[in-house]
Amino acid sequence: TMLNCAIRTAARATSRRQMSTASPKMHKAKDVWGELKATRPPEGHPHTVFEPPFSPPVVGAAVVGVISIGYGLMYFGMRHQQYKQGYWK
């Protein structure tokens, strides 16, 4: 009934949870810091991930392809909804 539901909700809201007996998890990175530091590249190492030279035809094709695929997906979704909801026959 509604009264039982209200009583259970109030009891749940005012009850206290037991604290966990598990110890807190400690970070282990400080124990292996020497190993991690040894895997780093030397200072001044160039990171040329997004650095030129880029091939203009490849970049142009990629941009046109991404825009075309995005437009096509949006148009297909709109077209599908229009047919599904009966606005287009």
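In what follows, every heavy atom counts, from backbone to side chain, and hydrogens, waters and symmetry copies are set aside.
Pairing each heavy atom of Lys89 with each of Tyr83, the nearest pair is O-CE2, 3.2 Å.
Legend: residues meeting side-chain contact (heavy atoms from CB on, under 4.5 Å) with Pro57, ordered by chain and number and at least two apart, are Ser55.
Rounding to the nearest 0.5 Å places CD1 of Ile7 at 7.5 Å from OG1 of Thr1.
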Give the table of side-chain donor-acceptor pairs shorter than 3.5 Å for residues 62-81, with sequence neighbours excluded, one pair per line with atom names and distance.
unit_1: Ser68; atom_1: OG; unit_2: Val64; atom_2: O; d: 2.8
unit_1: Gln81; atom_1: OE1; unit_2: Gln85; atom_2: NE2; d: 3.0

